[in-house]
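In what follows, a single structure is set out as structure tokens and then discussed.
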Amino acid sequence: MYRYDYTISLGIKHPSAASADISARLGMEREFFRDAGTDLRREDGSLIRVYAFTWVLFQLPKDKDGWLMDAWPEVVETLQARAQVIQALNQEGAEIGLRIGIFGKRAWAGFELDGDLVRLMADLRVGFQLETYFPDEPLAPEADDA
């Protein structure tokens, strides 16, 4: 195995609460958010309402050239400290999930999920999404058939 860059974020999709309220309840700073009923502008300047829910992301551990497994204790601690709020958000109809991005330097990376994290995610009904990004392998030079 080799080291890689990674990011972990907690994503919340809520049917009505504002992202500032969710942020305050969790005691965390928002990294990205779009509140329910947010107006967007078309190219012609007219407004369009497209968001039927609030979407908010909170940055958890991230590292350059590290090991994802080293982040699990911090993720478990973060979720455990906010378990009651996460359960309340679930009861309000929110969808909550961990989003993990791995940015590899080669075409393969490996990691193991922590057993405590998996149990806690199941108890809190927290989803899991993994995205991997690896560089394209260089193209092999084409043989000249001339």
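None of the values given here were measured: they were computed from a predicted structure. Hydrogens, waters and symmetry mates are skipped; everything else that's a heavy atom, side chains included, is used.
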*Please walk me through it: do I100 and F128 pass side chain to side chain contact (heavy atoms under 4.5 Å, CB included)?*
CA-CA 8 Å; I100 298 174; F128 182 81; 3.2 Å; yes
*Apply the test side chain to side chain contact (heavy atoms under 4.5 Å, CB included) to residues R82 and L124: give CA-CA distance (whole Å), side-chain angles for both, the deciding distance (0.1 Å), then the verdict.*
CA-CA 10 Å; R82 292 159 177 84; L124 297 176; over 6 Å; no
*Please step through side chain to side chain contact (heavy atoms under 4.5 Å, CB included) for the pair I102 and D5, ending with a clear verdict.*
CA-CA 6 Å; I102 297 178; D5 303 344; over 6 Å; no
_Pair F58, I22 - check side chain to side chain contact (heavy atoms under 4.5 Å, CB included), show working._
CA-CA 10 Å; F58 300 94; I22 295 169; 4.1 Å; yes
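A distance of 13.0 Å separates CH2 of W55 from NE2 of H14, quoted to the nearest 0.5 Å. Atoms CG and CG, on D21 and D35 in that order, are 10.0 Å from each other to the nearest 0.5 Å. Residue I86 holds its CD1 atom at 7.0 Å from CD1 of I12, rounded to the nearest 0.5 Å. The CG atom of L89 sits 12.5 Å away from atom CD of E95, with the distance rounded to the nearest 0.5 Å. In this structure, CD in Q80 is found 9.5 Å from CG in L117, a value given to the nearest 0.5 Å. Atom CG in D63 sits 9.5 Å away from atom CG in L68 (nearest 0.5 Å).
Using bins of under 30°, 30° to 60° and over 60° for the plane-to-plane angle, the ring pair W67/Y4 lands in the perpendicular bin.
No side-chain heavy atom of M121 sits under 4.5 Å from any side-chain heavy atom of L113. Within the 4.5 Å cutoff, the side chain of L130 has no heavy atoms near those of the R99 side chain. Counting heavy atoms from C-beta on, the side chains of E29 and Q59 never come closer than 4.5 Å.
Nearest heavy atom pair, residue V126 against residue G97, reads CG1-CA, 3.8 Å. Residues L57 and G11 come closest through the heavy atom pair CD2-CA, 3.4 Å. Residues Y133 and G101 share a closest heavy-atom pair of CE1-CA, 4.5 Å. Heavy-atom minimum distance, A71 versus P61: CB-CB, 3.8 Å. Here the closest heavy-atom approach between residue S46 and residue D44 is recorded as OG-OD1, 2.7 Å.
The closest donor-acceptor contact from the side chain of D114 to the backbone of W72 lies at 3.5 Å or more, if one exists at all. Put simply, the side chain of T54 gets close to the backbone of A17: a donor and an acceptor are under 3.5 Å apart.
Under a 4.0 Å N-O distance rule, the pair E92/R25 qualifies as a salt bridge.
The number of heavy atoms from other shown groups lying within 6.0 Å of CD (E131) is above 12.
Of the N and O atoms on the side chains of R30 and S23, not one donor lies less than 3.5 Å from an acceptor on the other residue.
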